[in-house]
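Letters A, B, ... are given to chains in the order of the sequence lines, protein chains preceding strands, and every chain is numbered from 1. Atoms considered below: every heavy atom in the structure, side chains included; atoms not considered: hydrogens, waters and symmetry mates.
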2 protein chains.
Amino acid sequence: MTSSLHHRAIENLGTRIISGELPAGHIMLAENLEDELKVSRSVIREAVRVLQSLGLVETTKRVGIRVLPPSRWNPFDPQVIRWRLASKARGAQLRSLAELRSAVEPAAAELAAQNAPAPLRLELVDVAHAMRDSGHRGDVPRFLELDIQFHSLLLSGSGNEMFANLMGQVAETLTGRTVHGLMPDHPHEAALQWHVDVAEAIARGDAGAAREASDKIMRRTMSQMSDTWTEQPRVFIPVHR
Amino acid sequence: MTSSLHHRAIENLGTRIISGELPAGHIMLAENLEDELKVSRSVIREAVRVLQSLGLVETTKRVGIRVLPPSRWNPFDPQVIRWRLASKARGAQLRSLAELRSAVEPAAAELAAQNAPAPLRLELVDVAHAMRDSGHRGDVPRFLELDIQFHSLLLSGSGNEMFANLMGQVAETLTGRTVHGLMPDHPHEAALQWHVDVAEAIARGDAGAAREASDKIMRRTMSQMSDTWTEQPRVFIPVHR
DNA sequence: GAGTTTTGATGTCTGCACACATCGGTGTCA
DNA sequence: TGACACCGATGTGTGCAGACATCAAAACTC
């Protein structure tokens, strides 16, 4: 039921708020939204409740439904991320995700070396080797698939559910990078070897080596991508409570 | 309006699902919930919609409202985190947050050294010095307050809204650590100095030094806290989609 | 066993009563 | 006359009740 009225209402409003079409402070009335989206009150009310829980709007009696500023949005919500990726802030969102990834993956590698279940370690080694093979062959689609699987296994193997939850976002950034032609047909040999190093370090429980090799991958990835988001404005969220 | 029926319904169901009282696969009917919580259908429906967006339940026609397994929950949602902190999984949640912090803060320090606005850098130095003073005086409440402010400024100064969003959770863990008597009256001198080092490195734009000093803080914090969550079971989220 | 019908739950719509923040008018006092 | 406190009118979200639509699971038919 991905196309219920409720879902479409959320999609419509979420997209428009995050795109900036409905700016912070803008006030809507439930009644107007009913007319505009041609749906009933219950649909609008349920949609607004969801947007409220995402920090996109707040409701006040006698005033209406007020759009909240970006600093109030929940930047970790998958829907919010998706909407931002579809907006002008796509570059900034990709940068945020990449920065988060480079922070998290080395830590995940370290944890995976300490905690991952044995079968997962073996699979990680297999995938790393298969990555190297498909990289040498120049099989880009297969490489992408394995790349996603490798990093998913890594995050999953950390045993930290927050890290594991980033799998979806990572897949998104890797796919985006490939689709936008930012990946060469033949990945750098060193990067391929680093993936193998990470997997083998995890397999033998060497946390330090796993982190270090993962860190190399992420630093290379960041330096590769940083060109693409040159001069995306940074937003500094005020610290005050 | 934090005590609306809608809000209370969410709180009731969210707490019971995350505590495990309503296990994964458990099926509820909207009608039964109306009776049980003594509220109307619209309140139940709006609450269920929000829980659905958090990944706690799914609705199926002809079946009802099904509770989803923890692997489907959004582990970054502030409400989910709060509910987990109030459940038996409190230890596991604190560990997850601590692991996330240790991954993110050194990266945030590095970014802050490159991007933070000048006034924030100055404030960071002031706060670090004030921390050292209150630490020497043994003024625990004041130290906690400054500690929270320091780490909030650091995350905010990174200019990454995802990092900045972790401020609230960090405050929670720091407060929890103090409340539970895990903090000595006089923090270790080295840790105090590391905070000053982070601040001064950021102030002069030395990203490497900022990361390194922050990493020292986080490694010490982790080794301090790891005792408290001895043998919390780890959950490995399956990688397959 | 495959195809069809029935059933029962959510999805959607509507009208109504209520709570309550805001605004503007009224009255009081200096 | 002007400033200020009070108070009621107004408008909007919140909550309720009941109806019909929809659609997928389950039961049934062949």
Side-chain angles (χ1 to χ4, degrees), chain A residues 1-17 21-69 72-74 79, chain B residues 1-17 21-69 72-74 79:
Chain A
M1 186 78 61
T2 71
S3 191
S4 62
L5 294 181
H6 166 71
H7 186 84
R8 270 187 283 168
I10 291 181
E11 205 64 26
N12 181 311
L13 293 174
T15 304
R16 286 161 65 192
I17 290 171
E21 180 191 332
L22 302 173
H26 179 79
I27 286 179
M28 303 170 292
L29 269 43
E31 197 183 336
N32 297 353
L33 291 178
E34 294 175 39
D35 297 345
E36 191 182 331
L37 304 184
K38 303 276 189 265
V39 293
S40 70
R41 247 178 314 158
S42 53
V43 172
I44 293 294
R45 283 172 55 164
E46 289 163 24
V48 167
R49 280 282 146 90
V50 171
L51 296 175
Q52 195 176 27
S53 87
L54 302 182
L56 264 58
V57 303
E58 69 181 0
T59 62
T60 315
K61 278 183 183 173
R62 171 77 195 192
V63 174
I65 301 153
R66 181 184 291 114
V67 176
L68 294 175
R72 299 283 298 277
W73 303 345
N74 178 356
Q79 290 191 108
Chain B
M1 187 79 60
T2 70
S3 192
S4 62
L5 293 182
H6 166 71
H7 189 268
R8 270 188 284 169
I10 292 181
E11 204 65 25
N12 181 312
L13 293 173
T15 305
R16 287 162 64 192
I17 290 172
E21 180 191 333
L22 301 173
H26 179 78
I27 287 180
M28 305 170 290
L29 270 44
E31 195 184 336
N32 298 351
L33 291 178
E34 293 176 40
D35 297 345
E36 190 182 331
L37 303 185
K38 302 275 188 278
V39 293
S40 71
R41 183 135 179 244
S42 54
V43 173
I44 293 295
R45 288 185 51 79
E46 287 163 24
V48 167
R49 281 273 143 90
V50 171
L51 296 175
Q52 196 176 27
S53 86
L54 302 182
L56 266 59
V57 302
E58 69 181 358
T59 62
T60 314
K61 279 187 174 176
R62 171 84 193 189
V63 174
I65 301 154
R66 181 183 294 113
V67 176
L68 294 176
R72 300 282 298 275
W73 303 345
N74 179 355
Q79 289 191 109

- line: In whole angstroms, the gap separating P of D/dA25 from NZ of B/Lys61 amounts to 11 Å
query: What is the nucleic acid contact for A/Arg66, judged by heavy atoms within less than 4.0 Å: base, sugar-phosphate only, or nothing?
result: nothing
query: Over how many whole Å does the gap from A/Ile44 atom CD1 to D/dT14 atom P extend?
result: 13 Å
Proximal nucleotide (of D/dC23, D/dG15, C/dA21) relative to the B/Ser4 side chain: D/dG15
message: Can you identify which nucleotide, out of D/dC16, D/dA25, C/dA21, has its nearest atom closest to the B/Val63 side chain?
response: D/dA25
message: Expressed as a whole number of angstroms, how long is the span from B/Arg49:CZ to C/dT10:C1'?
response: 8 Å
field: Candidates B/Leu5, B/Val39, B/Asn32 - the one meeting side-chain contact (heavy atoms from CB on, under 4.5 Å) with B/Ile44
entry: B/Val39
message: Using whole Å, what does the distance between atom P of nucleotide C/dA19 and atom NE2 of B/His7 come to?
response: 21 Å
- request: Identify which nucleotide among D/dG11, D/dA25, D/dC16 has an atom closest to any side-chain atom of A/Arg62, counting heavy atoms from C-beta outward.
  value: D/dG11
query: Which one, D/dG11, C/dG11, C/dC20, comes nearest to the side chain of B/Arg45?
result: C/dG11
message: Can you pull out every salt bridge (charged side-chain N to carboxylate O under 4.0 Å, His left out) where at least one residue sits in residues 22-48 of chain A? Sequence neighbours excluded, please.
response: A/Arg16-A/Glu36, A/Arg45-B/Glu46, A/Glu46-B/Arg45, A/Glu46-B/Arg49
- prompt: In whole Å, what is the span from the CD1 atom of A/Ile65 to the C1' atom of D/dT14?
  reply: 12 Å
- line: Taking every heavy atom of A/Trp73 against every heavy atom of A/Leu68, the minimum-distance pair comes out as NE1-O, 3.2 Å
- prompt: Does A/Arg41 place a side-chain N or O at less than 4.0 Å from the phosphate oxygens OP1/OP2 of C/dG15?
  reply: no
- line: From CD of B/Glu46 across to P of D/dA17 the rounded distance in Å is 15 Å
query: Among residues 29-38 of chain A, which residues get a heavy atom nearer than 4.0 Å to DNA chain C?
result: none
field: Of the listed nucleotides D/dG15, C/dT22, C/dT12, the one nearest the side chain of A/Ser40
entry: C/dT12
message: What is the separation between atom CZ on B/Arg8 and atom P on D/dT14, rounded to the nearest whole Å?
response: 14 Å
message: Ignoring hydrogens, what is the shortest heavy-atom contact between A/Ala9 and A/Val43? Give both atom names and the distance.
response: CB-CG1, 4.1 Å
task: Decide yes or no for A/Leu33 and A/Leu13: does some side-chain heavy atom of the first lie under 4.5 Å from some side-chain heavy atom of the second?
output: yes
message: Give me the atom names and distance for the closest heavy-atom approach of B/Leu22 to B/Val67.
response: O-CG1, 3.5 Å
- prompt: How about A/Val48 and A/Met28: do any of their side-chain heavy atoms sit closer than 4.5 Å?
  reply: no
field: Phosphate-side-chain proximity, A/Thr59 and D/dT14, N/O vs OP1/OP2 below 4.0 Å
entry: yes
